[in-house]
There are 2 protein chains.
Amino acid sequence: MPSHTEENYLKTIYKLAEAEPGQDVSTNRIAAALTTRAASVTDMLRRLAEKELLRYEKYRGVQLTPEGRRLALLTVRKHRLWEVFLVQQLGFNWDEVHEVAEELEHVQSPLLMQRLDEFLDFPTFDPHGDPIPAEDGAVRRPTHRLLADLEVGDRGTLAAVKDTSAPFPQYLDKVGLALGVQLKVLDKVSFDNSLELRVNRERTVLISAEVGRNLFVT
Amino acid sequence: MPSHTEENYLKTIYKLAEAEPGQDVSTNRIAAALTTRAASVTDMLRRLAEKELLRYEKYRGVQLTPEGRRLALLTVRKHRLWEVFLVQQLGFNWDEVHEVAEELEHVQSPLLMQRLDEFLDFPTFDPHGDPIPAEDGAVRRPTHRLLADLEVGDRGTLAAVKDTSAPFPQYLDKVGLALGVQLKVLDKVSFDNSLELRVNRERTVLISAEVGRNLFVT
DNA sequence: AAAAAATGCCCAGCCACACCGAGGAAAATT
DNA sequence: AATTTTCCTCGGTGTGGCTGGGCATTTTTT
Ligand SMILES: [Mn+2]
Ligand SMILES: [Mn+2]
Ligand SMILES: [Mn+2]
Ligand SMILES: [Mn+2]
């Protein structure tokens with residue numbers, strides 16, 4: 001059984017590797033992501049390599065083994081299934097669930113997750129629009145595009161959010177954006193790439209390029 | 001935040017104190033309940049006393065402080081609420097839930113437990129018939145009587161089980177007993193106090209005095 | 001009251017986990 | 001080749017939890 005901390009490391013490494021498939025996952029990036037020091041990371045990497053959960057060539061970054069990848073995906077799966085439960089069943093807001101899921105994801109019980117999955121009717125995306133890995137580790141690559149990449153006249157449905165730290169979802173609420181709304185790009189201001197959007201054919205919203213780079217549409 | 005182990009100790013001490021209100025909770029009883037050694041218990045008792053979660057007079061046993069009691073009851077509450085969830089919502093058998101609840105009880109989120117409580121419609125007893133402490137720590141004393149204490153001719157409804165370790169509930173299933181069945185004592189064999197019961201006015205079951213001492217009826 | 005038995009404390013130590021600063025080695029950049 | 005950046009190594013800290021063996025205390029027996 002991996003410890004909570006080990007699972008958190010594996011998950012973080014998986015996500016960093018995923019985010020930029022080319023680059024190798026470096027000690028400092030992991031340290032930054034987990035707000036700890038490089039020395040602590042090196043330490044943990046040695047232990048995880050010892051347990052064969054990753055390959056660690058010094059100065060060369062790190063790569064999950066199949067088993068390490070399996071554990072990382074399992075943790076992500078649990079995290080996201082719990083998030084769905086919290087939002088759909090317990091009425092949490094989508095910006096309140098992360099912390100709690102961060103704890104629930106460490107509960108060890110395959111049967112529990114199987115039953116929860118069934119109870120939720122086998123969801124494939126979490127409340128933030130992120131895909132829920134299947135039990136066998138398969139991840140449905142969402143067909144999302146960055147909102148910032150759309151051209152004037154393009155339409156789409158808001159499907160996922162990149163930055164899920166609390167302030168951002170709150171900002172979205174405030175400007176009247178939520179997952180599932182229909183969007184059409186009315187204008188793209190050339191000098192700063194900010195976007196003028198029609199929302200649900202009703203309202204108009206202006207967002208910065210920065211925001212556009214944190215939203216996905218289908 | 002108390003650690004998992006600390007919470008388990010507090011819970012165990014609370015239950016031992018509850019079980020026999022007169023006697024003091026001794027080091028060895030705690031050690032036995034947690035399958036660890038007396039020396040380890042002494043160690044933990046010192047630490048819990050340090051944190052003011054219990055009073056510890058050496059050679060004199062141990063007593064929870066109000067704060068320690070609060071934490072113990074909170075843990076019991078969480079444990080039992082999760083058990084209700086597992087059985088009622090996820091379709092677990094009542095003899096499968098204990099292990100998982102033993103982990104879930106350590107998740108720290110008052111909001112979560114509040115929402116879960118509401119979601120379950122404020123249950124007051126868990127699937128084993130044990131009372132769920134209220135948020136303020138109030139415990140409804142169940143009006144149960146020991147099945148073994150009934151007289152010939154008495155009737156009741158099976159309401160709770162004392163020994164919830166796996167084999168016992170499985171035995172109950174096998175002989176056709178479950179929480180909620182109607183019972184009538186047909187006969188009480190005087191030489192070994194075994195009981196002949198009518199179940200739901202249909203079947204007849206013979207149980208030992210030992211079993212009778214592990215079942216509660218209302 | 002004394003002796004014997006049971007109980008429980010104390011000590012010293014062990015191990016796992018997680019973290020860190022400082023300094024020097026390696027790699028990337030110029 | 002020199003400089004800057006990255007990151008590994010080393011030694012060390014603190015916490016949490018567990019243990020065996022010896023001794024102290026309490027309880028029971030006589
Ligand atoms: Mn976590
Ligand atoms: Mn999420
Ligand atoms: Mn527990
Ligand atoms: Mn129970």
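Every chain is numbered from 1, with letters handed out A, B, ... down the list of sequences.
With D/dT25, C/dC17, D/dC8 as the candidates, the nucleotide lying closest to the side chain of B/Y59 is D/dT25. Nearest nucleotide to the side chain of A/T36, out of C/dC20, D/dG17, C/dC9: C/dC20. Of the candidates D/dC18, D/dG20, C/dC19, the closest approach to any side-chain atom of A/Y9 belongs to C/dC19. Listed candidates were C/dC20, D/dC7, D/dT19. Nearest to the side chain of A/S40 is C/dC20. Of all nucleotides listed (C/dC10, D/dC7, D/dG17), D/dG17 comes nearest to the side chain of B/S3. For B/T27, taking side-chain heavy atoms from C-beta onward, the closest of the listed nucleotides D/dT9, C/dC17, C/dC9 is C/dC9.
One finds no side-chain N or O of B/K58 lying less than 4.0 angstrom from the OP1 or OP2 phosphate oxygen of C/dT7. The phosphate of C/dT7 (OP1 or OP2) has no side-chain N or O of B/S26 nearer than 4.0 angstrom. Proximity of B/N28 to the phosphate of C/dT7: no side-chain N or O atom is located under 4.0 Å from OP1 or OP2. The shortest distance between the side-chain N/O atoms of A/R47 and the OP1/OP2 oxygens of C/dC17 is not below 4.0 Å.
The residue among A/V41 and B/V41 whose nearest nucleotide of DNA chain D lies closer to the 5′ end is A/V41. Residue B/V25 is the one, among B/V25 and A/R60, whose nearest nucleotide of DNA chain C lies closer to the 5' end (criterion: closest heavy atom). Nearer the 5' end of DNA chain C, as judged by each residue's closest nucleotide, is the contact made by B/L45, out of B/L45 and A/M44.
Under the 3.5 Å distance criterion, the side-chain polar atoms of A/R80 are left unmatched by any main-chain donor or acceptor of A/P133. Proximity of a side-chain donor or acceptor of B/R29 to a complementary backbone N or O of B/D24 within less than 3.5 Å is detected.
Atom CD of A/Q108 has more than 12 neighbouring heavy atoms from other residues, nucleotides or ligands inside a 6.0 Å radius.
Here the rule is side-chain hydrogen bond (donor to acceptor under 3.5 Å, both in side chains) with A/E6, and of A/K51, A/K11, A/R47 only A/K51 fits it.
Separating the CD atom of B/E57 from the P atom of C/dC10 is a distance of 13 Å, rounded to the nearest angstrom. Nucleotide D/dG11 holds its P atom 13 Å from the CZ atom of A/R46, rounded to whole Å. Rounded to an integer number of Å, the gap from CG of B/D24 to C1' of D/dT26 is 12 Å. For the pair B/L10 CG and D/dG17 C1', the interatomic distance rounds to 15 Å; values are reported in whole Å. Taking atom CG on A/N8 and atom C1' on C/dA18, their separation rounds to 13 Å, with Å as the unit. Atom pair B/E50:CD and D/dG14:C1' shows a separation of 15 Å (rounding to whole Å applied). With rounding to whole Å, B/I30 atom CD1 is found 15 Å from C/dT7 atom P. Regarding A/K51, its NZ atom lies at a distance of 10 Å from the P atom of C/dA16, rounded to whole Å.
Within the nucleic acid shown, A/A39 comes within 4.0 Å of at least one base atom, counting heavy atoms only.
For A/D43 and C/dC19, a side-chain-to-base donor-acceptor distance below 3.5 Å is present, hydrogens and geometry of angles not being considered.
In this structure, the side chains of B/Y171 and B/I207 come closer than 4.5 Å at one or more pairs of heavy atoms. B/L195 has its side chain out of reach of B/V211: every pair of non-hydrogen atoms, C-beta onward, lies at least 4.5 Å apart.
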